[in-house]
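For reference, the structure is listed below as structure tokens.
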Amino acid sequence: MIGDMVRPGAPERIAVQEAINRFTAEPVLAARDWPPFDMSAMDGYAIGEETLGEADQGMLWIGAPQYAGAPAQQLAPGEARPIATGAAVPANASAILVRERATIVRHHLQRPEALVAGANIRRQGEDARAGDKLLEPGRCISPALIGALCAYGVVSMQVCRRPRVAILALGDELKSVGNTLDTSIVDSNGPMISALLGNAGCDVTLLGSIRDEEFAIASAFEQLLRSQFEFIVTTGGASVGDRDLLRPAVERVGGDVQFHGVHMRPGKPVLFATHPDGATFFGLPGNPVAALVGARFFVMRAIRARLGLDAERPTRTFDEIPEAGPTRILKAMTREGSTDDCVEILPAQQSHMLRPLLSANAWVIRGGEEPSTLFPLFDTLNEH
Ligand SMILES: Nc1nc2c(c(=O)[nH]1)N[C@H]1C(S)=C(S)[C@@H](COP(=O)(O)OP(=O)(O)OC[C@H]3O[C@@H](n4cnc5c(N)ncnc54)[C@H](O)[C@@H]3O)O[C@H]1N2
Ligand code: MOO
């Protein structure tokens with residue numbers, strides 16, 4: 001449902017150097033050939049066709065060196081031209097003799113052993129041709145892709161705008177990190193969700209906490225809607241207590257609740273709402289692991305849709321017969337190889353227990369009449 005209700009965002013054009021971890025919104029084409037000209041692959045001597053045969057007693061005179069960045073003139077008859085790696089190869093040169101194989105006698109190159117035509121020459125366009133389609137939409141730009149695109153002459157590209165996300169923690173009891181007494185509750189969810197979504201490429205504004213008052217929460221929402229945040233993510237106040245005021249506040253500002261409550265643990269009270277102005281609300285439960293699960297699986301599903309990406313696929317599906325009852329999302333540790341025996345469900349799965357997160361690297365999703373599946377701890381989006 002989330003995937004159908006969140007649309008891909010508008011693209012923007014950015015410089016290739018700025019594109020790390022951004023997602024392409026349109027195909028990216030090579031702007032020129034690579035290599036852009038016939039180029040020497042070695043430091044050595046450019047030699048003409050007539051010198052390719054067996055070594056003989058003849059000698060070639062040594063011309064002026066050809067360095068990278070200089071245009072290449074034709075070889076003269078009987079010339080062997082010193083050439084640097086990356087330098088343009090003269091049009092009538094047939095091969096490059098590597099420097100270590102060259103025998104120089106009185107400023108002349110002794111005719112070399114037989115060389116194959118084209119030896120040590122990188123041909124223009126052998127890696128990419130101008131106009132080749134390099135990337136489809138929805139590709140994450142990695143450091144390697146930045147290097148390749150620069151070489152292929154790409155200067156800028158259309159990428160998805162970063163999703164703009166506001167994060168607000170609900171709860172009278174919450175204090176920000178560093179401003180706590182021993183008995184205070186630290187707003188740990190805000191920084192955690194901010195880190196998770198920031199890491200996934202979102203433009204995140206972390207707002208801190210707000211007291212449990214419907215009017216105050218609704219006014220904060222009004223302001224966020226006016227500021228055109230696309231995603232308003234809250235934690236806490238999502239359940240059924242007297243002071244759980246998320247839902248009435250969302251409805252007060254015109255939010256349309258699509259679902260509130262999911263048959264799963266942790267994360268049961270999660271809320272998803274849309275707003276006629278285009279914003280999306282996620283109300284995540286206050287219990288820290290429930291908040292993490294909600295951000296990891298529900299908010300990230302929306303972020304994927306917003307970036308034009310498909311739903312995430314599990315890294316593994318188990319043969320296991322599903323249990324009855326709610327879907328369980330279990331912190332797990334996988335070891336190299338990930339065979340059945342290598343997936344350990346960690347102890348202490350309650351949604352206030354953070355200790356298993358110190359070693360977990362995966363989630364096992366079990367129950368809900370589906371085969372059990374395995375997902376990495378975070379959806380970094382990078383492999384797609
Ligand atoms: N009668 C029922 N009670 C509860 C139900 C239920 O179905 N019926 N569901 C339980 C489940 S499951 C969850 S999860 C929690 C979620 O409740 P809320 O979303 O309303 O969260 P709060 O009550 O505000 O807080 C719960 C817990 O989490 C701590 N918290 C809250 N915000 C933060 C934060 N930003 N950082 C760290 N910790 C936070 C808060 O202090 C509470 O200890 O409801 C159950 N109850
Ligand atoms: O589902 Mo609550 O999310 O158990 O902690």
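Computed from heavy atoms alone, side chains included, the values below leave out hydrogens, waters and symmetry copies. When a ligand or atom number is given, it counts from 1 through the structure's own listing order.
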Answer with yes or no whether the side chains of [Y] and [X] bring together a donor and an acceptor at under 3.5 Å.
| X | Y | value |
| --- | --- | --- |
| R139 | T24 | no |
| S176 | D187 | no |
| D132 | Y152 | no |
| Q124 | D38 | no |

Ligand 1 atoms in contact with [X] (distance to a heavy atom under 4.0 Å):
| X | result |
| --- | --- |
| V186 | 36 (N), 37 (C) |
| I185 | 38 (N), 41 (O) |
| L174 | 32 (N), 33 (C), 34 (C), 35 (N), 39 (C) |
| A169 | 35 (N) |
| P285 | 14 (S), 16 (C), 19 (O) |

Heavy atom of the protein closest to [atom] (residue, atom name, distance):
| atom | value |
| --- | --- |
| atom 5 (O) of ligand 2 | S351 OG, 2.3 Å |
| atom 4 (C) of ligand 1 | S239 OG, 3.3 Å |
| atom 15 (C) of ligand 1 | N287 ND2, 3.6 Å |
| atom 30 (N) of ligand 1 | G286 O, 3.3 Å |
| atom 7 (O) of ligand 1 | K268 NZ, 2.5 Å |
| atom 35 (N) of ligand 1 | D187 OD1, 2.9 Å |
| atom 33 (C) of ligand 1 | N189 ND2, 3.3 Å |
| atom 8 (N) of ligand 1 | V240 CG2, 3.6 Å |
| atom 23 (O) of ligand 1 | D244 OD1, 3.8 Å |

request  = Take atom CZ of R32 as the centre, draw a 6.0 Å sphere, and report whether it contains more than 12 heavy atoms from other residues, nucleotides or ligands.
outcome  = yes
ask   = Is it true that atom CZ of R13 has more than 12 heavy atoms of other residues, nucleotides or ligands lying nearer than 6.0 Å?
value = yes
task = Measure R243 to ligand 1 on non-hydrogen atoms and call it side chain, backbone, both or neither using the 4.0 Å cut-off.
result = neither
Residue-ligand contact [X]/ligand 1, heavy atom below 4.0 Å:
| X | answer |
| --- | --- |
| G237 | yes |
| S188 | yes |
| D212 | no |

Ligand 1 to [X] polar contact by distance, N or O atoms, under 3.5 Å:
| X | value |
| --- | --- |
| S351 | no |
| R265 | no |
| A238 | yes |
| P269 | no |

query = Near A290, which atoms of ligand 2 are under 4.0 Å from a heavy atom of that residue?
reply = 3 (O), 5 (O)
query = Any idea which atoms of ligand 2 are less than 4.0 Å away from a heavy-atom of N287?
reply = 5 (O)
Shortest non-hydrogen contact from [X] toward [Y]:
| X | Y | result |
| --- | --- | --- |
| G283 | A238 | O-CB, 4.3 Å |
| A84 | A68 | CB-N, 4.4 Å |
| A302 | F231 | CB-CE2, 3.8 Å |

Would the distance check show the side chain of [X] and the main-chain N or O of [Y] forming a donor-acceptor pair, the cut-off being under 3.5 Å?
| X | Y | value |
| --- | --- | --- |
| H275 | V253 | yes |
| E79 | A76 | yes |
| N189 | G286 | yes |
| W61 | P77 | yes |

remark   = The option among S239, P285, G286, G267 carrying the non-hydrogen atom nearest to atom 2 (Mo) of ligand 2 is G267
task = Check the angle between the aromatic planes of F259 and F272 and answer parallel, tilted or perpendicular using the 30° and 60° thresholds.
result = tilted
message = For a side-chain contact (heavy atoms from CB on, under 4.5 Å) check, start with the C-alpha distance between C140 and N21, then their side-chain angles and the critical distance, and finish with the verdict.
response = CA-CA 5 Å; C140 183; N21 290 338; 4.1 Å; yes
